[in-house]
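All figures in this text were calculated on a predicted structure; none of them were measured in a lab. Numbers restart at 1 for each chain; the letters A, B, ... are given by sequence-line order, proteins then strands.
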Amino acid sequence: MFDAVEEIPPGRVSTYGAIGRLVGVGPRRVARALSQGGGAVPWYRVVRADGSMAEPVRVRQMELLAAEGVPVRNGKVVLAAVGWPG
DNA sequence: ACCCTGACATTGA
DNA sequence: GTCAATGCCAGGG
């Protein structure tokens, strides 16, 4: 699944659910994997289905995304614009 | 084995 | 658009 995450091009964003469907596992499995192993992959390009982000990292994540030119609206990523289906 | 908890998703109010 | 309830999978006590 880390492969799927690395597949996300810069400036684009995907969701836990999307990744989950790609690799055939539940979204929580993805979230868990990233929270533990993460670090070596662009985990910040993965957000919730509604574009919001996880509390523990939401600040950092917003910065990293903004740095790649990802549009954010009210603390939520504009998936309609940069969403990455896979 | 049972219960609680969490970087989640979907549905209905 | 925001909130609560329900379903889901895996870990830890």
inquiry  = Among C/dG11, B/dA9, B/dA7, which nucleotide has an atom closest to any side-chain atom of A/Arg32?
reply    = C/dG11
request  = For A/Gly26, answer base if it contacts any base atom (sugar-phosphate contacts may also be present), sugar-phosphate if it contacts only those atoms, and nothing otherwise; contact means non-hydrogen atoms under 4.0 Å.
outcome  = nothing
note = In short, A/Met1 meets A/Ala33 closest at the heavy-atom pair SD-CB, 3.7 Å
task = Quote, to the nearest angstrom, the C1' distance that separates B/dA7 from C/dG13.
result = 22 Å
message = Tell me the interatomic distance from A/Leu65, atom CG, to B/dA7, atom C1', rounded to whole angstroms.
response = 13 Å
ask   = How close do A/Trp84 and A/Pro9 get, heavy atom to heavy atom, and via which atoms?
value = NE1-CD, 3.5 Å
ask   = Rounded to whole angstroms, how far apart are CE on A/Met1 and P on C/dC9?
value = 13 Å
query = Whole Å only: how far is the CG atom of A/Leu34 from the P atom of C/dA10?
reply = 15 Å
message = Quick check for you: among B/dA9, C/dG11, C/dT2, whose closest atom lies nearest to any side-chain atom of A/Ala49?
response = B/dA9
ask   = Over how many whole Å does the gap from A/Tyr44 atom OH to B/dA7 atom C1' extend?
value = 16 Å
Interatomic distance, A/Phe2 atom CZ to A/Trp43 atom CH2 [nearest 0.5 angstrom] = 14.0 Å
ask   = Roughly, in whole Å, what's the span from CZ in A/Arg60 to C1' in B/dA7?
value = 14 Å
query = Can you find a donor-acceptor N/O pair under 3.5 angstrom joining the side chain of A/Tyr16 to the base of B/dA9?
reply = no
query = So, does the side chain of A/Arg29 form a donor-acceptor pair with the base of C/dC9 at under 3.5 Å?
reply = no
request  = Choose from B/dA9, C/dT2, C/dG11 the nucleotide whose nearest atom is closest to any side-chain atom of A/Lys76.
outcome  = C/dT2
Taking distance alone, no hydrogens or angles, what donor-acceptor pairs closer than 3.5 Å link side-chain atoms of residues 57-73 of chain A to residues at least two apart or in another chain?
| residue | atom | partner | partner atom | Å |
| --- | --- | --- | --- | --- |
| A/Gln61 | NE2 | A/Tyr44 | O | 3.0 |
| A/Gln61 | NE2 | A/Val46 | O | 2.8 |
| A/Glu68 | OE1 | A/Gly11 | N | 3.2 |
| A/Glu68 | OE1 | A/Arg45 | NE | 3.2 |
| A/Glu68 | OE2 | A/Tyr44 | OH | 3.4 |
| A/Glu68 | OE2 | A/Arg45 | NH2 | 2.8 |

task = To the nearest 0.5 angstrom, please state how far the CG atom of A/Leu79 sits from the CG atom of A/Asp50.
result = 8.0 Å
request  = Can you tell me the distance, in whole Å, between the CD atom of A/Gln61 and the C1' atom of B/dC8?
outcome  = 13 Å
message = Please report the distance, rounded to the nearest Å, between CD in A/Gln36 and P in C/dA10.
response = 12 Å
ask   = Are A/Ile8 and A/Val41 close enough that some pair of their side-chain heavy atoms sits under 4.5 Å apart?
value = no
query = OP1, OP2 of B/dG6 versus side-chain N and O of A/Arg28: anything below 4.0 Å?
reply = no
ask   = Dot-bracket for DNA chain C: what is it, with Watson-Crick or G-U pairs under 3.5 Å, [ ] where a pair crosses earlier ones, and | for a pair to another strand?
value = .||||||.|||||
task = Measure from CG on A/Asp50 to P on C/dT2 and round the result to the nearest Å.
result = 9 Å
request  = Please tell me which of A/Pro27 and A/Asn74 maps to the more 5' nucleotide of DNA chain C, matching each residue to the nucleotide holding its nearest heavy atom.
outcome  = A/Asn74
task = Check A/Val47 against A/Ser52 and note the closest heavy-atom contact, atom names and distance.
result = CB-O, 3.7 Å
